[in-house]
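Each remark here refers to the structure printed beneath this line.
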Protein chains: 2
Amino acid sequence: MVKLDDTELDRTFAALADPTRRALLARLGSQDGASVSELAEPFPVSLPAILKHLNVLSDAGLITRQKTGRTVTCRLNAGPMADAMAWLDHYQQFWSTRLDRLTEFVENDPS
Amino acid sequence: MVKLDDTELDRTFAALADPTRRALLARLGSQDGASVSELAEPFPVSLPAILKHLNVLSDAGLITRQKTGRTVTCRLNAGPMADAMAWLDHYQQFWSTRLDRLTEFVENDPS
DNA sequence: GTCTAACTTAACCATGTGGTTAAGTGTATG
DNA sequence: CATACACTTAACCACATGGTTAAGTTAGAC
């Protein structure tokens with residue numbers, strides 16, 4: 001939410017541009033912490049392929065990896081998404097006034 | 001805002017992953033309609049390079065192009081951004097400090 | 001008709017991406 | 001200690017991306 005370095009936005013959007021990576025993030029959103037092999041299991045691709053995706057997500061700062069013993073636990077780090085969302089937010093005026101009440105709620109929230 | 005076709009999200013996020021393209025969108029956000037050469041002028045790259053970027057933006061549905069005479073007017077079409085934002089919205093709980101009241105709002109929402 | 005401006009397409013190049021298989025590095029476990 | 005497990009790295013491949021220069025359309029201007 002802090003440094004709006006452009007290359008960071010680049011990496012964030014690029015990381016989100018792949019369905020496998022979005023699925024990985026979704027998994028980490030619904031389950032707090034998962035091992036690499038656990039994450040890879042549902043996908044029909046090799047483990048190294050998933051590793052590469054995880055590296056992209058790490059480089060974008062969207063996940064963190066913590067090694068304990070021989071297993072590595074991945075966790076969601078949604079911070080960069082907030083920056084992406086903030087960027088998109090500037091264009092909300094262009095997709096017609098009514099947005100879902102959820103966003104409205106957040107933005108009108110006085111705290 | 002309707003069809004959450006994954007390949008569409010792919011293209012949207014991919015299109016947003018380039019600073020030149022985000023700058024083009026920013027320009028079209030502050031100025032309603034601009035010709036191709038007008039858009040290309042501020043950038044230190046060749047016109048065909050900008051053309052390619054505009055094609056990516058068109059393919060992602062983020063701009064429309066309308067030919068009048070020999071000039072082509074580009075206009076912002078923010079619709080796909082709304083989809084991207086909706087996707088990101090699911091993760092707001094992971095960075096929002098207002099997590100509790102937000103989830104509360106969603107869960108108690110009678111609709 | 002000719003010229004020129006506005007845009008597009010073509011051909012090429014370097015680099016990045018998403019996948020593979022095979023080999024390497026640690027860390028439990030028997 | 002040997003072996004297997006969890007993850008990583010290496011080497012390779014096909015294809016996409018972002019850039020270039022050069023050539024091709026098409027529509028006004030002279």
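Proteins come first, then strands; the chains are lettered A, B, ... in the order of their sequence lines, and each starts at number 1.
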Q: Provide, to the nearest angstrom, the distance between the CG atom belonging to B/Asp10 and the C1' atom belonging to D/dT17.
A: 15 Å
Q) Would you say A/Asp18 and B/Asp10 make side-chain contact, with heavy atoms under 4.5 Å? A) no
Q: Take atom CG of B/Asp18 and atom C1' of D/dT17, then tell me their distance rounded to the nearest Å.
A: 9 Å
Q. So do B/Arg21 and B/Leu16 actually touch side chain to side chain, heavy atoms under 4.5 Å?
A. no
Sub-3.5 Å pairs of nitrogen or oxygen atoms, protein against nucleotides 28-30 of chain D:
none

Q) Hey, is the main chain of B/Asn77 close enough, under 3.5 Å, to the side chain of A/Tyr91 for a donor-acceptor pair? A) no
Q) Does any non-hydrogen side-chain atom of B/Val45 lie less than 4.5 Å from one of B/His53? A) no
Q: Rounded off to whole Å, could you give me the CG-to-C1' distance for the B/Leu16 and D/dT17 pair?
A: 16 Å
(Q) Distance check needed: D/dC5 C1' versus A/Glu38 CD, whole Å only. (A) 15 Å
(Q) Over all strands shown, is A/Ser46 touching base, sugar-phosphate only, or nothing at heavy-atom distances under 4.0 angstrom? (A) base
Q: Using atom CD1 of B/Ile50 as one end and atom P of D/dG19 as the other, report the distance to the nearest whole Å.
A: 7 Å
Q.
Strictly below 4.0 Å: does B/Ser37 bring a side-chain N or O up to OP1 or OP2 of C/dA5?
A. no
Q: Please examine the side chains of A/Val72 and A/Ser35, heavy atoms only from C-beta on, and report whether any two atoms are closer than 4.5 Å.
A: no
Q: Return the nearest nucleotide to the side chain of A/Thr71; candidates are C/dT20, D/dC7, C/dG18.
A: D/dC7
Q) Does any residue of residues 52-61 of chain A have a heavy atom under 4.0 Å from DNA chain C, and if so, which ones, in number order? A) A/Lys52, A/His53
Q.
Restricting to side-chain hydrogen bond (donor to acceptor under 3.5 Å, both in side chains), what partner residues turn up for B/Asn55, sequence neighbours left out?
A. B/Arg65
Q: Given salt bridge (Lys or Arg N to Asp or Glu O under 4.0 Å), test A/Asp32 with A/Arg75 step by step and report yes or no.
A: CA-CA 6 Å; A/Asp32 176 57; A/Arg75 250 171 260 281; 3.3 Å; yes
Q: Could you please name the option among D/dC7, C/dG19, C/dT8 that lies closest to any side-chain atom of B/Leu51?
A: C/dT8
Q: Would you confirm whether B/Arg27, through its side chain, and B/Glu38, through its main-chain N or O, come within 3.5 Å as a donor-acceptor pair?
A: yes
Q | Distance, rounded to the nearest Å, where B/Arg22 contributes CZ and D/dG18 contributes P | A | 12 Å
Q: Side-chain contact test, heavy atoms from C-beta onward, threshold under 4.5 Å: evaluate it for A/Thr12 versus B/Phe13 and give yes or no.
A: no
**Q.** Separation of atom NZ in B/Lys67 from atom P in D/dT25, rounded to whole Å
**A.** 13 Å
Q: Send over the distance from A/Arg21 CZ to C/dG16 P, rounded to a whole Å.
A: 15 Å
Q: Taking only the side-chain heavy atoms of B/Pro48 (C-beta and beyond), determine which of D/dT21, C/dT21, C/dC7 contains the nearest atom.
A: D/dT21
